[in-house]
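All figures in this text were calculated on a predicted structure; none of them were measured in a lab.
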There are 2 protein chains.
Amino acid sequence: MTTRWLTAEEQRAWRAYVAASLLLEDAIDRQLQREAGMPHLYYTVLAFLSEAPGRRLRMTDLAEALKITRSRLTYAVTRLEKDGAVRREECASDRRGTVAVLTDEGTALLERAAPGHVDTVRRAVFDHLTAEQVEQLERICLGVAEAIQGDGPPAVRPSDELPWRRRSGPSG
Amino acid sequence: MTTRWLTAEEQRAWRAYVAASLLLEDAIDRQLQREAGMPHLYYTVLAFLSEAPGRRLRMTDLAEALKITRSRLTYAVTRLEKDGAVRREECASDRRGTVAVLTDEGTALLERAAPGHVDTVRRAVFDHLTAEQVEQLERICLGVAEAIQGDGPPAVRPSDELPWRRRSGPSG
DNA sequence: GACTCCTGGTTCAAGTTTTAAGCAATTACT
DNA sequence: AGTAATTGCTTAAAACTTGAACCAGGAGTC
């Protein structure tokens, strides 16, 4: 079948997206690197853990929530563990399992870094969006995520490595 | 001043964005790695060059257009040069300058890879967006880019390294 | 139980990115 | 012209990511 190219309108939107996401990731990474000594992803690891029951999550569940590979998470947690922000524990219900636990030190670090991070995100993104645009943004992004990882007929399948299938049992 | 936290609505939008951009970059990188042997950024380098007059651009101009650091571009071009997709030439008007030129081989590679790439982008993003959403997406992204790099009172300043100031003379 | 397959997590090597530092050419200033 | 500051680009070292390979534990089957 012949390629359906992007329309001029779509192409402009796509270019704008690519540019914006590059700039945004860069700005956020720098701010967090400066004020918290870690890149955005690592901060997000702490953020997700902080909201989990018991501040703990199994590696696979955490990777799935973050939409990253297990390998990438392994390295992130190893680094954060060296920093004392996270601790690894064995999983009681599955002896293969590992649970990442947010330490008190990690919690403190997160709380210290949060204001600056939120401020950056706010000024770069939300300060100039209307309420409707915020809603649109969410809708659009949910659609993209669904298209990529959604069950049913997969539109785009990034990799078998990304573990999106739900696991059976509970995670603790 | 006390932190202005994100509202629940904003937080949902932000999380959706972070997840979607991670999934999207991952999907695109894999597709291009598989079918063109290079990550998304490198493909974009070729794409920008292909549209420039004479298929050539000075390093700094290219880095500015791509919204990446010169250092990052240096490595990308070095790799692409090894692949034969790009060639470096001296800049006539400024002996410090380097011009990146898209080779015929690079052009062919780009043309071979484009359909698969467009298809991935289309299925992940545009196939499920309305025309208004496409327009909103562009507007939102332009706003973000403007907020980060815009002249005037800088809302977020990622780094002095990113060369956003216009240079004086022409680039060829 | 033995066999096979799958799952959870880590590890290795190779590739990419970052930050700071470096060098040469240009510009600005006097 | 002489000198300091700036610009264009590269490089070195450390950090991060990727993809495949790996190993131990769990699950299904007979």
**OP:** Whole angstrom is fine here: how far is it from CE in B:Met38 over to P in D:dT18?
**Re:** 18 Å
**OP:** Consider the side chain of A:Thr60, meaning its heavy atoms from C-beta on, and name the nucleotide among C:dT17, C:dG9, D:dC16 that approaches it most closely.
**Re:** C:dG9
Table of protein N/O atoms under 3.5 Å from nucleotides 24-26 of chain D N/O atoms:
unit_1 : atom_1 : unit_2  : atom_2 : d
D:dG25 : N2     : A:Arg96 : NH1    : 2.9
D:dG26 : OP1    : A:Arg95 : N      : 3.3

Original post:
Under 3.5 Å, side chain of A:Arg4 to main-chain N/O of B:Asp119, donor-acceptor pair present?
Top reply: no
Subject >> A:Lys67 side chain reached by B:Asp26 side chain, heavy atoms, under 4.5 Å >> reply: no
**OP:** Take atom CZ of B:Arg58 and atom P of D:dT10, then tell me their distance rounded to the nearest Å.
**Re:** 11 Å
Original post:
Between the base of C:dT19 and the side chain of B:Ser71, is there a donor-acceptor distance below 3.5 Å?
Top reply: yes
Original post:
From the list C:dT19, D:dT17, D:dC9, which nucleotide is the closest neighbour of the side chain of A:Gln33?
Top reply: C:dT19
**OP:** Look at all strands and tell whether A:Leu41 reaches a base, only sugar-phosphate, or nothing, counting heavy atoms closer than 4.0 Å.
**Re:** sugar-phosphate
Original post:
Expressed in angstrom and rounded to an integer, what is the separation of B:Asp29 atom CG from C:dG15 atom C1'?
Top reply: 12 Å
**OP:** Tell me which nucleotide among D:dT17, C:dT10, C:dT17 gets nearest to the side chain of A:Arg72.
**Re:** D:dT17
Original post:
To the nearest Å, how far apart are A:Glu90 CD and C:dT10 P?
Top reply: 12 Å
**OP:** Considering just the side-chain nitrogens and oxygens of B:Arg79, establish if one lies under 4.0 Å of OP1 or OP2 belonging to C:dG15.
**Re:** no
Original post:
For A:Pro39 and B:Thr74, take the nucleotide of DNA chain D holding the closest heavy atom to each; which residue's nucleotide lies nearer the 5' end?
Top reply: B:Thr74
Original post:
Between D:dA15 atom P and A:Tyr42 atom OH, what is the distance in whole Å?
Top reply: 11 Å
**OP:** Calculate, to the nearest 0.5 Å, the distance between atoms CZ and CG belonging to B:Phe48 and B:Leu110 respectively.
**Re:** 12.0 Å
Original post:
Any sub-3.5 Å donor-acceptor pair from B:Arg58's side-chain atoms to B:Cys91's backbone N or O?
Top reply: no
Subject >> Nearest non-hydrogen partners of A:Leu73 and A:Ala63, listed with the distance >> reply: CD2-N, 3.6 Å
Original post:
Want to settle it: does A:Arg88 or B:Ala76 sit nearer the 5' end of DNA chain C, counting the closest nucleotide to each?
Top reply: A:Arg88
**OP:** Select one nucleotide: of C:dT18, C:dG9, D:dG19, the one nearest the side-chain heavy atoms of A:Thr98.
**Re:** C:dG9
Original post:
How close do B:Cys141 and A:Ala20 get, heavy atom to heavy atom, and via which atoms?
Top reply: O-CB, 3.5 Å
Original post:
Rounded to the nearest Å, what distance is computed from the CZ atom of residue A:Arg30 to the C1' atom of nucleotide C:dT19?
Top reply: 9 Å
Original post:
Taking only side-chain nitrogens and oxygens of A:Arg34, does any of them come within less than 4.0 Å of OP1 or OP2 of C:dT19?
Top reply: no
Subject >> Pairs where residues 102-111 of chain B contributes a residue and the test side-chain hydrogen bond (donor to acceptor under 3.5 Å, both in side chains) is met, not counting sequence neighbours >> reply: B:Arg55-B:Thr107
Original post:
Where the side chain of A:Tyr75 is concerned, which of C:dT16, C:dC12, D:dT11 is the nearest nucleotide?
Top reply: C:dC12
Original post:
Looking at the side chain of B:Met59, which of D:dT10, C:dG9, D:dT17 is the nearest nucleotide?
Top reply: D:dT10
**OP:** Calculate the interatomic distance between B:His40 atom NE2 and C:dG15 atom C1'; express it in whole Å.
**Re:** 18 Å
Original post:
Under 3.5 Å, is there a donor-acceptor pair between the side chain of A:Gln133 and the main chain of B:Ile140?
Top reply: no
Subject >> OP1 or OP2 of C:dT19 under 4.0 Å from side-chain N/O of B:Thr69 >> reply: no
Subject >> Atom-pair distance (CG on A:Asp26; P on C:dT19), nearest Å >> reply: 7 Å
